Amino acid sequence: MPAHRLISLAEAVRRYTRDGMQYASGAALPIGSDAIVFGRELLRQRRSKLHAIFHCNSQQLNLLAAAGAVDKAECGFSGLEVFGFANGLRRAVESGQTALEDYSNLAMALRLLGGALNWPFVPATVNIGSDIQHRSAFAPEDYPSTTKIPTVTDPFSGREIGAFSPLRPELAAIHVSLADPQGNAIMLGSEWSRFELSRAAGKVILIADAIVDGACMLQFPNLVRIPDILVEAVVYHPFAAWPQSSPGWYDADEAHMLHMNQALATAEGTAQYLNEFVYGVNSLDDYLARIGDDVRARLSATATGFLLDPFRQWIKTPEQVAALLAHTPETHA
Amino acid sequence: MPAHRLISLAEAVRRYTRDGMQYASGAALPIGSDAIVFGRELLRQRRSKLHAIFHCNSQQLNLLAAAGAVDKAECGFSGLEVFGFANGLRRAVESGQTALEDYSNLAMALRLLGGALNWPFVPATVNIGSDIQHRSAFAPEDYPSTTKIPTVTDPFSGREIGAFSPLRPELAAIHVSLADPQGNAIMLGSEWSRFELSRAAGKVILIADAIVDGACMLQFPNLVRIPDILVEAVVYHPFAAWPQSSPGWYDADEAHMLHMNQALATAEGTAQYLNEFVYGVNSLDDYLARIGDDVRARLSATATGFLLDPFRQWIKTPEQVAALLAHTPETHA
Amino acid sequence: MSELPYTRQEMMAIAAGRELRDGELAIFGVGLSMLAGYFAQAHHAPRLRSMTEGGVYGATPVGGLPWGIECNRLSANATSFTHALDALGFLVASGRCDVGIIGAAQVDKFGNVNTTGIWQDGLGEHYRAPDTRLTGAGGANDIACGAGRVVIMVSHEAKRFAERVDYISSPGYLEGGNARARHGFVGGGPSAIVTTLGVLRPEPDSKEFVLTGYYPFSSVAEIQAHTGWALRVAADVQEIAPPSSAELAALRRVDVTGALRKPAKHGK
Amino acid sequence: MSELPYTRQEMMAIAAGRELRDGELAIFGVGLSMLAGYFAQAHHAPRLRSMTEGGVYGATPVGGLPWGIECNRLSANATSFTHALDALGFLVASGRCDVGIIGAAQVDKFGNVNTTGIWQDGLGEHYRAPDTRLTGAGGANDIACGAGRVVIMVSHEAKRFAERVDYISSPGYLEGGNARARHGFVGGGPSAIVTTLGVLRPEPDSKEFVLTGYYPFSSVAEIQAHTGWALRVAADVQEIAPPSSAELAALRRVDVTGALRKPAKHGK
């Protein structure tokens, strides 16, 4: 095994991303866990023409689309739940800048399952019969669509159902609650489709709110749903999902959720947001400072905090993580 | 919610099983977790003509088949790993008493996945091209078989693959490490296919090595892979998997594994084994006594014992469980 | 409205909650539908087995309306967390779930739901970007295909009640009659559209939704005026009972931050 | 044999272990194949990423040969436990796994493996119960279909090396040549049959297995005499190096209870 797989956020984006790539977010629904900081860094490094695979939209996709970095997107849900429509994505879709291919939430999970299994297709008993089947944003002239969710005949009954195309995104940046330096990861709260995604993606980067000693994983192997053998690199980044929530660590930042979404509704607001919260952010310390000490303290006083209690003894301090990072890891074989 | 779902082993078998039923074991491979006590009770209550769905054989199927209680079985693996061939099952198969339909281990997992999803068929990229596809013990004259794993055409590529039939067993008796009285369960060690089975089965009974307070589940919700809403009843039964192992609780009983398998090799040996370790066992205390205090102590000194440490504070004593059992639970709505 | 001891949104949530029965397995979407579901559990269905599409089991919200179906306000007291494939696939699309509650931006006379987009002049033959992009199907399509029955909650405005939705995000009865059978859906389809003005239910054969109930503060004429198709009225149409004090108390225990007592916001 | 400082079983395990390369993702079956795999990790492939079909990751056996792929001897120090669908499906059948080691009761000249049953007079047209029931395919079929390459470990006896196996449990090259292509298997097929007497490898085009190596204690003639088909010999056949002292030490650290130094037993 390599000494560790920890690298910086900037290095992860530099090393594993490129313009035009199929990029997947590993998240828990629109307003929960998501490696939003990865999207911020993608924009800092001016990545563009992304093909975004987001099981659900999140503020990350909202931001990337608002900034004009997304040519294509595939989603099961494109809103922000109670926070309303995702204004940045909405604007990009309505203007035609981003082609958004619609599926349901189960469809996205099944397509990742099919990618993980390397199946040629996945049986579809949902999405059929609706315009999700009939209409394709990626092939608009094909109506009713014969290629998006074509029919397949069950050989046992002769019944016709649908067939989903499997997803195998080139890279997934998966948000996790805890990772060890090798890349073993624990997720708290709904997994959503991060388990399937970690197997479907060509490469996996973990973005972890905290780093724990490997002994934590040996104590709770049944919680390690992403083992190190699947992981290229681990990025340590507190408040990685901000302004969204991370169960155990912090609640959603209601004020910033609304502020950010309002900003992304216009090009001007987006430019201002990018300057303040993306381009101008130079380091992890700077990022945390912009969230604000009092805000972070308030968000950290989450009613879910007890979920972390069994693991606290193994959590490494920022200084311990920095010491590890100071030694460049070997490349993952 | 009902007050609790705890019932006795005898009551569980009385209430939820019948001759000729499709019965599934929830186990972790041939020599690990399995609700072997459930099979012992099936025989005490003289259930017969079972259609056994065992992802893998275990000493439970070995015993049931040896006793002549299994007409049909579907398995991915029918041995006992390093303990060798399963002599009881082998004898039943070779004599023609049990028709054993062969699949691979992945096939069984996928068929349970398909059952859980209520799919009409499951894509098969394994088992095709081998005699597992061509030969059917349930339809012996159909050769090469057109019904066991028929072909299906991928609508995207035109390529032909196979199609598995989904499994939806009438009842699953699933062995778990820890359950709360409501039926929330934690499994330690490989899940094997217990997660998928718990969703594919018509009804689920948990057989738990120990009962914990519900507070344990609230502390570790990500470990609760079988939530109470899926569960009919919970049976408390220490050493439920004996002579097999249960990670955290006890190791495999090498001597009894060999003794049992040797006994099951003949009708006489089976009759003797049944008399000594099945029919003659009148209670949980009697069962534990037949294993023997010293043997139980030795098996409990497992190197995996530390896996239970985070949960020990919530484990109920036998007396506490007995007190709960004394109050008949409401029937699960 | 100000003289009523409850809001129209609260009446809608309670009417929707009345659709749920004790012991059922139910899935709630986000927002109002979640409040309706947890209200039912708090009031008349204590053994309701609830989940969200994130695979959050056994939880009840704390601190107010959850921002989402995996929000910390819901994750603070769950007995089990799994995942989308489990909740939406193994338990809903499979047909195991008895009932689901979904929202709608647009709904038509056959209970088809649009949450994808609005095209001012219709979508036409070739797909194009919508004039107004909505939130997409989310899990609602899966619930609409698989749940035993579906309750649709929607604010009663004429623009939302269309003769034909611009885009079917989640299937109701499609073109009506037994059109669903063509696709083999295991779920039974929408059993009720519960709105801020009343309740609509499908006719047994045609599956066209007709008005079966109005609230103490609404009327048949008002409802028809706010419906974009020629809404027919059931022979046995009747006034729906107002919230009982016990119902209202239960709802407000769930809706601790009073989301249903504020002006309606856009959302899923 | 008694004069050798190692047993034939140990030679086989070491020869099989030599097939594994550092950094590969590898899946081990139970018994000897597991010892071969963990030997490789202990000796020349420290960064081998290993798993078993139970979804046991990061573990190394303690206290002796594990009784099974989920045995407590293996579960005592795992970093992750998942499940069969993950290990055999997501990681093996998908084509992600570089190499697998499987056993065989019978193997034929095209590397097809039988672990299902023996039929004295062949199986014939209609399926019937085998005269001798074996263990079934287990995960070996999935490994044979999906792993990048497969190493077959088998005790070298004529009855086990058949012109044609009674039943193909796990596909090798089927009828040879490119017969596998018909089924679209993502895995490449068996790269070696490692036995108690030597090593066989497939010819590039015909895919017929030929003898490429014999051990210091065996010979071409002995191997041919113990093979049930007319075994051809590769032009570059050569003697395989005996276990080095480092290899033997590493193997014996893994095989703490000396399973490979005892008489062979039946098993998977």
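Every chain is numbered from 1, with letters handed out A, B, ... down the list of sequences. What you are looking at is a predicted structure, and each value in this text was computed from that prediction instead of being measured. Atom set for the values below is all heavy atoms of this structure, side chains included, hydrogens, waters and symmetry mates excluded.
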### Query
Do you know the tightest heavy-atom contact between C:Leu134 and A:Ser78?
O-OG, 3.3 Å
### Summary
Interface check, chain C: of A:Leu80, A:Ile128, A:Asp142, most non-hydrogen pairs under 4.5 Å belong to A:Ile128
## Note on the structure
Most heavy-atom pairs under 4.5 Å with chain C, out of A:Ala109, A:Ala28, A:Ala303, belong to A:Ala28
### Task
For residues C:His83 and A:Glu196, determine if any side-chain heavy atom of one lies less than 4.5 Å from a side-chain heavy atom of the other.
yes
#### Entry: Side-chain touch C:Pro66/A:Val82, heavy atoms, less than 4.5 angstrom
no
### Message
I'd like to know which of C:Asn114, C:Asp131, C:Val62 tops the heavy-atom pair count under 4.5 Å against chain A.
### Response
C:Asp131
### Query
Measuring heavy-atom distances to chain C, does A:Phe195 have an atom under 4.5 Å in its side chain, in its backbone, in both, or in neither?
neither
### Task
Quick one: do C:Tyr167 and A:Asp102 satisfy side-chain contact (heavy atoms from CB on, under 4.5 Å)? Show the steps, please.
CA-CA 11 Å; C:Tyr167 181 108; A:Asp102 276 291; 3.9 Å; yes
### Query
If you measure from SG on A:Cys56 to CD on C:Glu53, what distance do you get to the nearest 0.5 Å?
7.0 Å
#### Entry: C:Arg164, CZ: over 12 other non-hydrogen atoms inside 6.0 angstrom
no
### Message
Can you tell me which of C:Asn112, C:Leu74, C:Val165, C:Leu85 forms the most heavy-atom pairs within a distance under 4.5 Å of chain A?
### Response
C:Leu85
### Summary
When rounded to the nearest 0.5 Å, the distance separating SG of C:Cys145 from CG of A:Leu106 is 9.0 Å
### Message
Taking side chain as everything from C-beta outward and backbone as N, CA, C, O, which of these in A:His55 sits under 4.5 Å from a heavy atom of chain C? Side chain, backbone, both or neither.
### Response
side chain
### Query
Who among A:Thr125, A:Leu112, A:Asn127 has the most heavy-atom pairs with chain C under 4.5 Å?
A:Asn127
### Task
Please flag which part of A:Thr151 lies under 4.5 Å from any non-hydrogen atom of chain C: side chain, backbone, both or neither.
neither
## Note on the structure
Turns out that what part of A:Arg225 lies under 4.5 Å from chain C's heavy atoms comes down to side chain
#### Entry: Residue among C:Leu88, C:Asp142, C:Val186 with most heavy-atom pairs under 4.5 Å to chain A
C:Asp142
### Task
Select one option (side chain, backbone, both, neither) describing which atoms of C:Thr132 are under 4.5 Å from chain A's heavy atoms.
both
### Spacing of C:Arg128 atom CZ and A:Arg135 atom CZ [to the nearest 0.5 Å]
9.0 Å
### Task
Specify which of A:Gly76, A:Gly189, A:Ser245, A:Gly96 makes the most heavy-atom pairs with chain C at under 4.5 Å.
A:Gly189
### Message
By the definition side-chain contact (heavy atoms from CB on, under 4.5 Å), identify the one residue from A:Asn87, A:Leu89, A:Val93 that meets it with C:Arg133.
### Response
A:Val93
### Task
Return the option, out of C:Pro130, C:Gly31, C:Ala93, with the maximum number of heavy-atom pairs under 4.5 Å with chain A.
C:Pro130
### Summary
Note: vs chain C, highest number of non-hydrogen pairs under 4.5 angstrom among A:Ser130, A:Ser246, A:Gly79, A:Ser145 is A:Ser130
### Query
Roughly how far, to the nearest 0.5 Å, is OH of C:Tyr57 from OG of A:Ser190?
9.0 Å
#### Entry: Pairs of heavy atoms under 4.5 Å with chain A: top-ranked of C:Gly124, C:Gly55, C:Ala78
C:Gly124
### Query
Checking heavy atoms, do the side chain of C:Leu174, its backbone, both or neither come under 4.5 Å from chain A?
side chain
### Query
Which atom names give the shortest non-hydrogen contact between A:Leu100 and C:Tyr127, and what distance separates them?
O-OH, 4.5 Å
### Message
Check whether C:Asn72 reaches the backbone of A:Tyr250 with its side chain - one donor and one acceptor, N or O, closer than 3.5 Å.
### Response
yes
### Query
Does the side chain of C:Cys71 reach to within under 4.5 Å of the side chain of A:Ile31, using non-hydrogen atoms?
yes
### Summary
Of C:Thr82, C:Leu65, C:Val56, the largest count of non-hydrogen pairs under 4.5 angstrom with chain A goes to C:Thr82
### Message
Is any side-chain heavy atom of A:Asp251 closer than 4.5 Å to one of C:Trp67?
### Response
no
### Task
Count the heavy-atom pairs under 4.5 Å between each of A:Arg159, A:Glu160, A:Glu254 and chain C, then report the option with the highest count.
A:Glu254
### Query
Given side chains that start at C-beta, do those of A:Ile132 and C:Thr116 come closer than 4.5 Å, heavy atoms only?
no
#### Entry: Pairwise distance CH2(A:Trp192) to CG(C:Asp86) - rounded to 0.5 angstrom
11.5 Å
### Atom pair CG/OG of C:Asn141 and A:Ser104 - distance to nearest 0.5 Å
5.0 Å
